[in-house]
Amino acid sequence: MAERAEKRQADRSADGHGPSGSDRAPPPGERAEVSNHEIVRHYFDQATERLGLRDDLAEVFRTSYREVQVQIPVKLSDGKVRVFAGYRVQHNGARGPYKGGIRFHPEVDLDEVRALAELMTWKTAIVGIPYGGAKGGVNVDPHELERSEVQSVARSFMDKVEKVLGPTRDIPAPDVGTNAQTMAWLMDEYGKLHGHTPACVTGKPIALEGSYGRESATGRGVVYMYREAAPQLDLVPSETRFVVQGYGNVGSWAARIMQQLGARLVGASAASGAIRAEGGIDADELARHVAEGGNLVDFDAEGVEQVSPVELLETECEVFIPAALGGMIHRGNADRLNCRMIVEGANAPTTPAGNEILEDRGINVVPDVMANAGGVVVSYFEWVQNLQHFRWDEREVNDRLGRIMRKAFREVSAKSREDDVSLRIAAFALGIERVVEAATTRGYIS
Ligand code: NAD
């Protein structure tokens, strides 16, 4: 351990994330300036160095297989045309069809989508499901548009990218700003061109051949990871206080399931602000309040106070769950966290410099590439069910999800112990090894 800390210290100034790098300390309540792509690249480089992967092979994975950028002109209700940019990036397909979510968010750009596509390549390999990695997005804020306008954006996006999609090519799913309804529109649009094809997207509504358990899957997977990691810290659910940053799909489901185990939600946030309560916040009530269109900060219950995003980070708890956007934990705030464990529900929430501070402070991190894989695992189940026109009940879905998540945790932990590296580097290394093996065996690289 001491050796690892020393090596990290030496690496800091050389890794591009030192004081002169792009992860300069931003204000603690803001996101880091370092991009998701820089974050993923840093961990990839560390893992390939550990593995001793030939540089010419590593180079294959530093770029994407295919990147599609499209123009999405949509006439809004004010009569004016707004032009959005849409992206679909297919990073690597050695292990199966491309798979990854579609994000609707004003800050979406090609660089971010590339990073998230690459993460999907390693994630699907780490949990051992037969997919490659992809991601998509549109730089639109769905909360600013009317429902019919969001539908037009989704349909127009599908029209432009459908040629590279399909059940044996590339299968989208929900991500930030998209949900089961968005997937229904995408499926319908794809069906107009190709005939009814439910397996072309996952995360669909139950009424349209969606899978039981898909909506809660990423949050449930986060909780499975907590359960696996907790005994190492002598943590039991009844004595676990937790904070959720980003009370959306992933965050609110993780909170509800943690609460079912007996853990106590003591703080939560959304883009609009944060709340906390030492005595606990009812995770179900808060989810209902938000689902009904309420603002998280207006949640009114005994002992609940409104706090700043920084105060939320400083809230004393055992487990902190980032479930918002990338770059939220960084050089400027990692020392403020007051927890023993972080389970990363969000993608790329921790910058390299932030990660080093957490490691030096002895805070255990279950990294995104394994912790938030529950969604893609149940998306895989949905795809399998769709291909067979068959449906499993929710218990079967959740049990199978648990088996896969536990296996992934144990395999990554074993590698982390054997190689004396963090769970994050062990997870990346395991994923990279599997993808390299598949790419080599099929003759894509040699
Ligand atoms: P979502 O849109 O349902 O929720 C995002 C939440 O984050 C919202 O509550 C939003 O208000 C909040 N948020 C945004 N900016 C914030 C800020 N600055 N501070 C605090 N909160 C903020 O999205 P989601 O599907 O829950 O995805 C959340 C994260 O999980 C993303 O990083 C996504 O890539 C990742 N993820 C999602 C899935 C999935 O199945 N949905 C799977 C794997 C990973």
Side-chain angles (χ1 to χ4, degrees), residues 26-32 36 39-40 99-108 112-113 115-117 119-120 123-124 127 133 135-137 141-143 172-183 201-203 210-211 213-222 225 243-255 267-275 286-287 289-291 294-297 299 307-310 312-313 320-330 333 343-350 367-380 382 401 405:
E30 289 180 17
R31 292 172 73 191
N36 285 359
I39 295 173
V40 176
K99 187 90 189 81
I102 293 187
R103 181 174 287 198
F104 282 5
H105 189 276
E107 284 167 25
V108 161
E112 177 176 79
V113 179
L116 297 173
L119 266 185
M120 289 303 296
K123 195 179 297 180
T124 50
V127 292
K135 202 79 179 189
D141 184 349
H143 307 293
D175 191 73
V176 174
T178 57
N179 53 26
Q181 174 60 79
T182 327
M183 297 305 113
V201 291
T202 57
S211 176
R214 172 60 184 90
E215 196 196 312
S216 57
T218 309
R220 189 175 300 280
V222 164
M225 288 295 170
V243 167
V244 172
Q245 179 189 55
Y247 210 75
N249 173 287
V250 177
S252 71
W253 276 110
S269 69
S272 55
I275 54 173
L286 182 60
H289 168 78
V290 172
N295 203 331
L296 177 127
V297 290
F299 183 66
V307 292
S308 71
V310 181
L312 185 85
L313 287 176
F320 187 88
I321 303 176
L325 300 170
M328 302 284 287
I329 301 173
H330 48 70
N333 63 21
V343 189
E344 293 183 342
N347 280 312
T350 311
D368 51 2
V369 272
M370 58 197 284
N372 69 27
V376 72
V377 170
V378 176
S379 272
Y380 164 56
E382 183 174 330
L401 170 64
M405 297 300 284

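The first residue in the sequence is number 1, and the count goes up from there. Order of listing sets the numbers, starting from 1, for every ligand and every atom in it.
Closest protein heavy atom to atom 43 (C) of ligand 1: N372 O, 3.5 Å. Nearest protein neighbour of atom 21 (N) of ligand 1, counting heavy atoms only, is A270 C, 3.2 Å. Of all protein heavy atoms, the one closest to atom 39 (C) of ligand 1 is T218 OG1, 3.4 Å. Counting only heavy atoms of the protein, atom 33 (C) of ligand 1 lies nearest to D175 OD1, 3.2 Å. At the shortest separation from atom 4 (O) of ligand 1 among protein heavy atoms lies G248 CA, 3.3 Å. Residue, atom and distance of the protein heavy atom nearest to atom 24 (P) of ligand 1 are V250 CG2, 3.9 Å. For atom 28 (C) of ligand 1, the closest non-hydrogen atom of the protein is A323 O, 3.3 Å. Ranking the protein heavy atoms by distance from atom 27 (O) of ligand 1 puts V176 CG2, 3.5 Å first.
Residue I321 holds its CD1 atom at 11.0 Å from CD of Q245, rounded to the nearest 0.5 Å. The distance from the CG atom of L119 to the CG atom of N372 is 8.0 Å, given to the nearest 0.5 Å. With rounding to the nearest 0.5 Å, the separation of CG in L325 from NE2 in H105 is 5.0 Å.
Judged by distance alone, the side chain of S269 and the main-chain N or O of G246 form a donor-acceptor pair under 3.5 Å. In terms of modelled atom types and a separation under 3.5 Å, the side chain of H330 and the main chain of T350 share no donor-acceptor contact. Between the side chain of N249 and the main chain of E215, a donor-acceptor pair closer than 3.5 Å is present. Side-chain atoms of R220 never come within 3.5 Å of backbone atoms of W253 as a donor-acceptor pair (strictly under, hydrogens ignored). One N or O on the side chain of E382 and one on the backbone of G203 form a donor-acceptor pair closer than 3.5 Å.
If you number the atoms of ligand 1 from 1 as listed, the ones under 4.0 Å from a heavy atom of N347 come out as 32 (O), 33 (C), 34 (O), 35 (C), 36 (N), 44 (C). The contact set between ligand 1 and L325, taken as ligand atoms under 4.0 Å from a residue heavy atom, comprises 15 (N).
Taking distance alone, with nitrogen or oxygen atoms compared against 3.5 Å, R103 approaches ligand 1 more closely than that limit. Considering backbone and side-chain N/O of K135, none are found under 3.5 Å from N/O of ligand 1.
Side-chain polar atoms of T178 and D175 form no donor-acceptor pair below 3.5 angstrom. Between the side chains of R214 and S379, at least one donor N or O sits under 3.5 Å from an acceptor N or O.
Across G326, A346, G177, heavy-atom proximity to atom 2 (O) of ligand 1 is greatest for G177. The residue among A271, G345, A254, A324 with a heavy atom at the shortest distance from atom 29 (C) of ligand 1 is A324.
R214 counts as a contact of ligand 1, since one of its heavy atoms falls under 4.0 Å from the ligand. Under the 4.0 angstrom criterion for non-hydrogen atoms, M328 is in contact with ligand 1.
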